[in-house]
Asker: 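Pasting a structure below so you can have a look.
By convention in this document, chain letters (A, B, ...) are assigned in the order of the sequence lines, proteins followed by strands, and residues within each chain are numbered from 1.
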Amino acid sequence: MALKLYNTLTRKVEPFAPRDPGKVTMYTCGPTVYARAHIGNFRTFLVSDLLRRYLAYSGYDVNWVMNLTDIDDKTIKGANAEGISLREFTDRFIKSFHDDRKTIGILDANLYPRATEHIPEMVKMVEDLIEAKHAYVTDGSAYFKIDSFPTYGQLARLNMEELRVGERVASDEYEKEDVRDFALWKNWEEVDGPVGWETSLGKGRPGWHLECSAMSLKYLGKGFDIHLGGVDLIFPHHQNEIAQTEGVTHEPLARYWVHSEHLLVDGQKMSKSLGNFYTVTDLIEKGWKPREIRYGLLSGHYRQRTNFQASGLDSIKQALARFEACAVNLEHSAGQGGMSELKDTIAQREQEFRDAFDDDLNYPEALAAIFNFVRDANTLCQDKKIGKPEQELAMETMRRFDSVLGYLDLQQETADPESAEIESLIEARNEARKSKNWSEADRARDALTERGIIIEDRAGKTVWRRK
RNA sequence: GGCGCCGUAGCCAAGUGGUAAGGCGGAGGUCUGCAAAACCUCUAUUCAGCGGUUCGAACCCGCUCGGCGCCUCCA
């Protein structure tokens with residue numbers, strides 16, 4: 001079986017075939033950098049990361065571009081409120097975005113283009129759209145004329161004739177020929193303050209949707225492979241991108257449209273007023289470890305609303321501890337001669353793993369395959385069938401699975417500052433055990449337990465970890 | 001008004017026509033000086049409810065109940 005993806009454009013799960021054999025081009029709508037991104041944003045970025053990792057695992061050469069929206073109403077407002085430049089204001093949140101995404105193991109994209117660094121490309125696109133009669137200018141602003149694009153509304157399955165015009169459409173943009181038309185270029189206004197670009201279109205700034213059209217076309221070309229984003233972007237954002245790009249290229253913007261469902265927090269839509277609004281940093285401060293955040297945000301299929309529960313931390317810790325324990329078990333296994341059995345289980349579980357991801361990124365089922373592998377490997381350890389060569393093969397398999405999941409990567413390998421002290425307490429306990437002084441040995445263990453240290457007596461060695 | 005989604009064990013969550021994955025939790029057992037970890041067994045005769053189609057339905061169809069999304073701020 002090969003990869004199949006649900007394509008929002010066709011509303012079907014389709015076999016995936018890239019534009020250029022062996023190479024995949026993907027574009028993800030990134031954050032608007034006016035505040036620290038929240039975990040809902042990261043859930044979407046995590047889905048892109050998962051897809052990108054799986055494509056790489058499957059042998060594709062992946063080119064992933066993720067934009068940074070550094071010009072819009074909110075960034076202008078924020079910068080002007082602080083009296084600093086747009087650049088200075090947005091740099092701050094671009095940094096926090098990268099800090100947080102690295103924390104939860106989202107690998108580097110190939111490029112993070114900024115909207116403000118592509119003004120000429122956007123202006124050129126508007127000019128081309130005007131030339132093609134898809135756009136018009138009124139009072140210094142340019143608008144896309146949706147009547148000129150017959151399939152407008154298709155991506156979201158909206159019938160433009162039946163829209164309840166007027167109920168949700170802002171009424172202040174009366175200069176548009178049709179209220180449904182959307183802005184390509186916005187004329188400079190007083191509130192914009194120092195923000196604005198002098199261009200052939202006049203002084204102003206780009207509309208929100210334009211950057212993605214201009215930048216995806218520039219860096220990934222016509223008809224690139226996969227465009228990703230959250231479901232809320234289907235309309236109007238992605239529909240408008242399609243109209244803009246295709247109005248110029250007359251070719252499909254992207255071959256597959258992949259949208260991730262929203263994250264719920266404690267069963268409800270995340271909002272500051274409900275007190276369930278979190279950033280990655282908030283969770284770290286509440287004691288979550290990076291990989292626990294990653295696990296929690298990724299649980300559940302990407303097209304299903306996933307409920308992130310603050311109370312689920314213990315369950316997540318336990319699940320991840322299973323992976324870790326398996327690696328430790330393999331490391332300390334002193335057996336031999338289970339190579340054929342190990343190879344059998346690897347073949348079976350890895351097939352299950354691939355089948356799961358191939359089926360529209362069925363992450364929960366892939367996880368099940370890995371947990372089954374963990375159980376099989378633990379059983380082989382127990383049966384003393386894991387020797388040096390088996391250990392190496394099993395660990396290599398774990399690392400291969402983890403190249404997609406990204407949990408082991410996030411283990412903090414840094415030396416524990418108290419390790420010398422802990423080791424000496426363990427040493428003292430083992431001395432007591434040797435002389436069968438059990439009460440003294442238990443006292444030593446209790447002292448460690450009180451400090452949050454869990455110890456495990458393995459064959460010939462005592463290993464420890466923090467709770 | 002239009003388009004669409006969800007309801008599976010105590011909790012989380014796959015499965016979408018062939019007889020309920022996986023994780024957490026819980027019970028019992030093996031191992032261990034005792035633990036921890038691991039392993040084994042058990043933990044949904046049943047998939048919101050009611051009808052229908054079918055040899056066969058959690059999966060298809062209809063209705064009902066309950067939660068929710070989108071329809072120019074939004075990951």
Side-chain angles (χ1 to χ4, degrees), chain A residues 11 28-32 37-48 72-74 146 153 156-165 167-170 173 179-183 208-209 228-237 239-240 259-264 267-270 295-296 299-301 303-309 311-322 324-326 328-329 332-333 352 356 359 362-372 374-375 377-383 433 436-439 441-442 445-446 449 454-458 462-465:
Chain A
R11 304 281 159 117
T28 301
C29 285
T32 298
H38 56 68
I39 57 173
N41 296 312
F42 280 111
R43 147 101 171 152
T44 295
F45 306 150
L46 235 16
V47 168
S48 291
D72 82 318
D73 289 351
K74 284 176 281 201
I146 69 154
R157 299 286 143 103
L158 294 179
N159 183 336
M160 297 314 287
E161 305 305 312
E162 293 172 7
L163 283 190
R164 306 173 91 183
V165 174
E167 292 195 15
R168 303 269 309 242
V169 177
E173 300 189 79
V179 287
R180 301 167 308 174
D181 291 346
F182 62 91
W208 169 40
H209 318 292
L228 299 104
V231 284
D232 55 298
L233 297 184
I234 295 172
F235 194 88
H237 186 57
Q239 179 60 70
N240 291 353
H259 292 100
S260 51
E261 252 300 346
H262 276 185
L263 184 76
L264 296 178
Q268 286 178 292
K269 196 168 176 171
M270 184 165 40
Y295 192 99
S299 77
H301 187 98
R303 280 199 288 122
Q304 217 58 53
R305 271 185 279 261
T306 285
N307 188 14
F308 182 89
Q309 290 187 295
S311 62
L313 181 56
D314 286 343
S315 163
I316 291 169
K317 272 185 190 296
Q318 285 305 119
L320 284 168
R322 250 177 104 68
E324 211 162 87
C326 183
V328 175
N329 288 340
H332 294 280
S333 178
E352 291 170 2
D359 184 16
N362 193 331
Y363 172 86
E365 204 151 278
L367 254 194
I370 293 173
F371 278 114
N372 284 331
V374 164
R375 195 188 56 239
N378 281 333
T379 300
L380 288 171
C381 286
Q382 187 117 322
D383 294 346
R433 288 174 71 212
K436 298 200 191 302
N437 185 350
W438 306 128
S439 60
D442 288 346
R445 184 172 58 207
D446 290 344
T449 305
I454 295 169
I455 58 173
E456 298 173 9
D457 296 327
R458 302 276 169 167
T462 299
V463 300
W464 65 275
R465 63 192 160 90

Asker: Can a side chain N or O of N41(A) be found less than 4.0 Å away from OP1 or OP2 on A75(B)?
Answerer: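 Result: yes.
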Asker: With a non-hydrogen cut-off below 4.0 angstrom, is L263(A) in contact with a base, only sugar-phosphate, or nothing?
Answerer: base
Asker: From CD of E352(A) over to P of G22(B), roughly how many Å is that when rounded to an integer?
Answerer: 10 Å
Asker: When the P atoms of C24(B) and U19(B) are compared, how many Å lie between them, rounded to an integer?
Answerer: 26 Å
Asker: Could you tell me the separation between the CZ atom of R322(A) and the CD1 atom of I370(A), rounded to the nearest 0.5 Å?
Answerer: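 Atom-to-atom, R322(A):CZ and I370(A):CD1 are 12.5 Å apart.
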Asker: Rounding to the closest angstrom, what is the interatomic distance between C60(B) and G7(B) at atom P?
Answerer: 11 Å
Asker: Is the aromatic ring centre of F371(A) closer than 5.5 Å to the centre of the six-membered base ring of G22(B), with the two planes inclined by less than 30°?
Answerer: no
Asker: In whole Å, what separates the P atom of C70(B) from that of A75(B)?
Answerer: 13 Å
Asker: Give a yes or no on whether the backbone of G153(A) and the side-chain of Q239(A) come within a donor-acceptor separation of less than 3.5 Å.
Answerer: yes
Asker: Report which part of the nucleic acid K436(A) touches: base, sugar-phosphate, or nothing (heavy-atom distance under 4.0 Å, all strands).
Answerer: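 K436(A): no heavy atom of the nucleic acid under 4.0 Å.
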Asker: Work out how far the P atom of C61(B) is from that of C3(B), and round it to whole angstrom.
Answerer: 16 Å
Asker: Separation of H237(A) atom NE2 from C71(B) atom P, in whole Å?
Answerer: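 My rounded result for the distance is 14 Å.
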Asker: Measuring only the C1' atom in each nucleotide, how far is G23(B) from A13(B)? A whole number of Å is fine.
Answerer: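 Rounded to whole Å, the distance is 8 Å.
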Asker: Quantified in whole Å, what is the P atom distance between nucleotide U8(B) and nucleotide U41(B)?
Answerer: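 About 27 Å, rounded to a whole number of Å.
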Asker: Distance check needed: C74(B) C1' versus E261(A) CD, whole Å only.
Answerer: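 Rounded to whole Å, this separation is 13 Å.
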Asker: Taking atom C1' of A75(B) as reference, at what distance in whole Å does atom CG of L264(A) sit?
Answerer: 13 Å
Asker: What integer number of Å spans the C1' atoms of G22(B) and A44(B)?
Answerer: 15 Å
Asker: So what does K317(A) touch, heavy atoms closer than 4.0 Å: a base, only the sugar-phosphate, or nothing?
Answerer: nothing
Asker: How close or far is atom P of C68(B) from atom CG of D232(A), stated in whole angstroms?
Answerer: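 It works out to 18 Å between those atoms.
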Asker: Using the side chain to side chain donor-acceptor pair (under 3.5 Å) criterion, which residues pair with R375(A)? Sequence neighbours excluded.
Answerer: N372(A)
Asker: For W438(A), give me all partners under side chain to side chain donor-acceptor pair (under 3.5 Å), at least two apart in sequence or on another chain.
Answerer: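 Side chain to side chain donor-acceptor pair (under 3.5 Å) check on W438(A) returns nothing, list empty.
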Asker: Find the runs of at least 3 consecutive base pairs, i with j, i+1 with j-1 and so on, that include RNA chain B, using Watson-Crick or G-U wobble geometry with both distances under 3.5 Å.
Answerer: B:1-7 with B:65-71, B:10-12 with B:22-24, B:25-30 with B:38-43, B:48-52 with B:60-64
Asker: Any chance you could list the contact pattern along nucleotides 10-21 of chain B? Use B for base contacts, S for sugar-phosphate-only contacts and - for none, protein heavy atoms under 4.0 Å, 5' to 3'.
Answerer: --SSSS-----B
Asker: Could you give the distance separating C42(B) and G4(B) at their P atoms, to the nearest angstrom?
Answerer: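 It comes out at 44 Å once rounded to the nearest Å.
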Asker: Mind checking what makes side chain to side chain contact (heavy atoms under 4.5 Å, CB included) contact with A325(A), not counting sequence neighbours?
Answerer: none
Asker: Can you figure out which of A38(B), U72(B), A75(B) approaches the side chain of N378(A) most closely?
Answerer: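 Of all the options, the side chain of N378(A) is nearest to A38(B).
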Asker: Please list, for nucleotides 34-37 of chain B, all pairs of protein and nucleotide N/O atoms separated by less than 3.5 Å.
Answerer:
{"unit_1": "C34(B)", "atom_1": "O2", "unit_2": "R445(A)", "atom_2": "NH1", "d": "3.2"}
{"unit_1": "C34(B)", "atom_1": "O2", "unit_2": "R445(A)", "atom_2": "NH2", "d": "2.4"}
{"unit_1": "C34(B)", "atom_1": "N3", "unit_2": "R445(A)", "atom_2": "NH1", "d": "2.8"}
{"unit_1": "C34(B)", "atom_1": "N4", "unit_2": "D457(A)", "atom_2": "OD2", "d": "3.2"}
{"unit_1": "A35(B)", "atom_1": "N1", "unit_2": "D457(A)", "atom_2": "N", "d": "3.1"}
{"unit_1": "A35(B)", "atom_1": "N1", "unit_2": "D457(A)", "atom_2": "OD2", "d": "3.4"}
{"unit_1": "A35(B)", "atom_1": "N3", "unit_2": "R445(A)", "atom_2": "NH1", "d": "3.3"}
{"unit_1": "A37(B)", "atom_1": "O4'", "unit_2": "E456(A)", "atom_2": "OE2", "d": "3.4"}

Asker: What is the distance, rounded to the nearest whole Å, between atom CZ of F235(A) and atom P of G4(B)?
Answerer: 16 Å
Asker: Take the angle between the ring planes of H237(A) and W208(A) and call it parallel below 30°, perpendicular above 60°, tilted in between.
Answerer: parallel
Asker: Does D314(A) come within less than 4.0 Å of K317(A), counting only side-chain N to carboxylate O?
Answerer: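 Not counted as a salt bridge, because no side-chain N and carboxylate O are separated by less than 4.0 Å.
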Asker: Nearest of A38(B), U72(B), C40(B) to any side-chain atom of T379(A)?
Answerer: C40(B)
